Amino acid sequence: MEMLSGAEMVVRSLQDEGIEHIFGYPGGSVLDIYDAIFQSDEIEHFLVRHEQAAVHMADAYSRSTGKVGCVLVTAGPGATNCITGIATAYMDSIPLVVLSGQVPTFWIGDDAFQETDMIGVSRPVVKHSFSCRTAEDIPKAIKKAFYIASTGRPGPVVIDLPKDVQNPLNKFPYEYPESVSLRSYNPTLSGHKGQIKRAVSALVGAKKPVLYVGGGAIIANASKQVLQLAEKLNLPVTNTLMGLGAFPGEHEQFIGMLGMHGTYEANKSMHNADLIFACGARFDDRVTNNVDKFCPNAKIMHIDIDPTSISKNIHADLPIVGSVEVVLQQMLDLIDETNAMNDSNDINAWWDQINEWRAKDCLAYKTCDTHIKPQQVIECLYKVTKGDAIVTSDVGQHQMVAAQYYPFKEPRQWINSGGAGTMGFGLPAAMGCKIAHPDRPVVCVTGDGSIQMNIQELSTCMQYNIPVVILLLNNRSLGMVKQWQKMFYGGRQSHSYMDSVPDFVKLSEAYNHIGIKVDTIDELEPALTRAFELKERVVFVDVAIDPEEHVYPMQVKFGSMEDMYLSKTEQTDA
Amino acid sequence: MRRIISVLIENESGSLARVVGLFAQRGYNIESLTVSPTNDNTLSRMTITTDVVDNATLEQMMKQLHKLVDVLRVSELTQTPHVERELLLLKVRTVGPEAREEVKRTSDIYRGQIVDITQNLYTIQLTGAGSKLDAFVATMDECSEIVEIVRSGVCGIARGDKSLRA
Ligand SMILES: Cc1ncc(C[n+]2csc(CCOP(=O)(O)OP(=O)(O)O)c2C)c(N)n1
Ligand SMILES: [Mg+2]
């Protein structure tokens, strides 16, 4: 059998797992692994400028491909710098394996230099973790980590690797396990037959159904089944912020995103539905608004691979544990077998009602002569990219506007931190996507606050030539915070504006990138066109937008789903 | 509502921390927790007593426990016939022969055992359901001075055919 050191086993195990890209930052406790990486031609490593960015890159690499993202960092601060990234991935169920160095086993517990209990610090935000106490533990731990990260409800897994375990002088027999099975871990994939039957009959019997599709449908690769089911039964479909792209944004049956900044028609339809069919969505508080007033007349059907998501916030009348893809396919098969069909009169009447709500055109906005509106920027982005770009975003108003005004055609095209709402996610996320999809246009829609939370990665872009477009909706403020202060805090703008926004054009140029400043609407389309034509360069487009613009619709706090502000002056009847 | 949850979990470093962390993180209350390896020493058995406001919370708690990768089985004991036992060690100070006689008599009534004795101190061992231990402690508090008290927390098992196995 082949003899390898612990450090070599780490690299070989990753190779045997099929890993091609890894994101990381070296340090004392992982130098042996870095030396083994130096000698491998199969794994390409990207050196970031901050470990948090490495995790976001791996995360978005995973979101845009479905593969597991992989990160390597040193002990102590290297590891703790990853925590925000890990928490971000955890909240959105993204499969990651994070390898972190550790002080040698014989120093653990002694407060050695750079000793941090990474297993303990990360525990609340990981799916699972492993600590390797001998070199022989490594291949098995890595195999299990990838298996756990990518199956069931995916999530991040941390592997702690003490320095002595990596020792290049000690060689051990290496064998990468073919497969794993864990007696304590067996995710359910297919739905209970009886439940499938009941679900089909409830669905075809419903007069006012809504298909409510979340990020779980994307993770499960269930878009095909969602489309088939929706078209077969002529169902209205709404996507969550995480589910955008799971159902085509320009499809006639798409009624928009739902929730806090969802469309009027989506929130109205939910509230007035008689059946809500949740597919890989988890009734998050940013969707339901006040749970006591949630959809009073609706029967709730819920598919989720994670039983804890079912009946956590909203009681499910018809729970189905399983993969969205498998369960929907089971339902489609049963519908075909039994020729089950809903009453088209009922559904048409429901559509008449929905179309009435749609006619309100809740996303219409007023343009003005003096300022560019953020909505105009996203619409222009859509036009210039023909709707084909991978769009990542940061967190704030710009994120919501991107979600509302760029109708995503397909899954894995919209990459954002939905569950955690992590500012600083956007740029490294775009880089991760670009590395995975070098031939596709990738753009990061960002804000002047968010971009400064990981702006150091412009340097990583320079080193590896990762040509993403950065589209900054610059309102010289923490816009979303300011909006809340305007609406709910008497307009007191406590620390939500930025007096010293840097010159982003010069900053980009300092990193040898191209910066374009856009101040008027006439400059917008040419600037974006140029940005996407410069395929080999990072282009930073800094667009000065109206600092007073708010995001609407917006649900009224403590209200039902259908209670919304529609503009600064208009509100649905309470 | 008081509930007793039995958990069968991999006997690995960090397993206990994950369970305790889960309770802390989700704001669940732990009244007592006992853990020990089983006859198969790759597995540990835990008994957790908790107080939940409603069944939905209990259900969520059990699902969350089961979601932990290390956990094999989870069950709740109080809704079906079961046996629960707890061990108490109680050290009391007594002054004078009369008081000592009273302590001895009370222990006997409760079927406690005196396991250590000095001139003024008795250490008494008692097993039983938690309520019995509570009553015993209250009685002893009247006839002696309680110096030290230690309770194991509840161990529980289902009666009859029901069993929690890997
Ligand atoms: C790391 C982090 N810190 C704070 C917040 C709270 N927060 C949410 S949106 C926002 C403002 C973001 O400002 P900017 O990036 O300029 O976006 P805008 O809303 O102006 O479009 C803040 C501070 C957060 N989501 N993440
Ligand atoms: Mg801003």
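As the structure is a prediction and not an experimental result, all values here were calculated from the model. Computed from heavy atoms alone, side chains included, the values below leave out hydrogens, waters and symmetry copies. Just so it is clear: chains get the letters A, B, ... in the order the sequence lines come, proteins before strands, and each one is counted from 1.
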| task | Indicate whether any N or O donor in one side chain lies under 3.5 Å from an N or O acceptor in the other, for A:Tyr185 and A:Lys127. | result | yes

| field | Student check: side-chain heavy atoms of A:Ile219 and A:Ser93 closer than 4.5 Å | value | yes

| request: Go through B:Gln64, B:Gln25, B:Arg18 and name the one with the most non-hydrogen pairs under 4.5 angstrom from chain A. | output: B:Arg18

| Contact origin within A:Asn186 toward chain B - heavy atom pairs under 4.5 Å | neither

| Measuring heavy-atom distances to chain B, does A:Ser131 have an atom under 4.5 Å in its side chain, in its backbone, in both, or in neither? | neither

| task | Examine whether an atom of B:Ser15 lies under 4.5 Å from a heavy atom of chain A, and if so say whether it belongs to the side chain, the backbone or both; otherwise answer neither. | result | neither

| message | Is B:Ala17 in contact with chain A via its backbone, its side chain, both, or neither, using a 4.5 Å heavy-atom distance? | response | both

| With a 4.5 angstrom heavy-atom cut-off, which part of A:Arg153 approaches chain B: side chain, backbone, both or neither? | side chain

| So, the side chain of B:Arg73 versus the backbone of B:Arg165: is there a donor-acceptor pair under 3.5 Å, distance only? | yes

| said: Taking side chain as everything from C-beta outward and backbone as N, CA, C, O, which of these in B:Val71 sits under 4.5 Å from a heavy atom of chain A? Side chain, backbone, both or neither. | reply: backbone

| message | If you count heavy atoms of other groups shown closer than 6.0 angstrom to CZ of B:Arg105, is the number above 12? | response | yes

| said: Assess whether a salt bridge exists between B:Lys132 and B:Glu86, defined as any Lys/Arg side-chain N lying under 4.0 Å from an Asp/Glu carboxylate O. | reply: no

| Can a salt bridge be assigned to the pair A:Lys312 and B:Glu59 using a cut-off of 4.0 Å between side-chain N and carboxylate O? | no

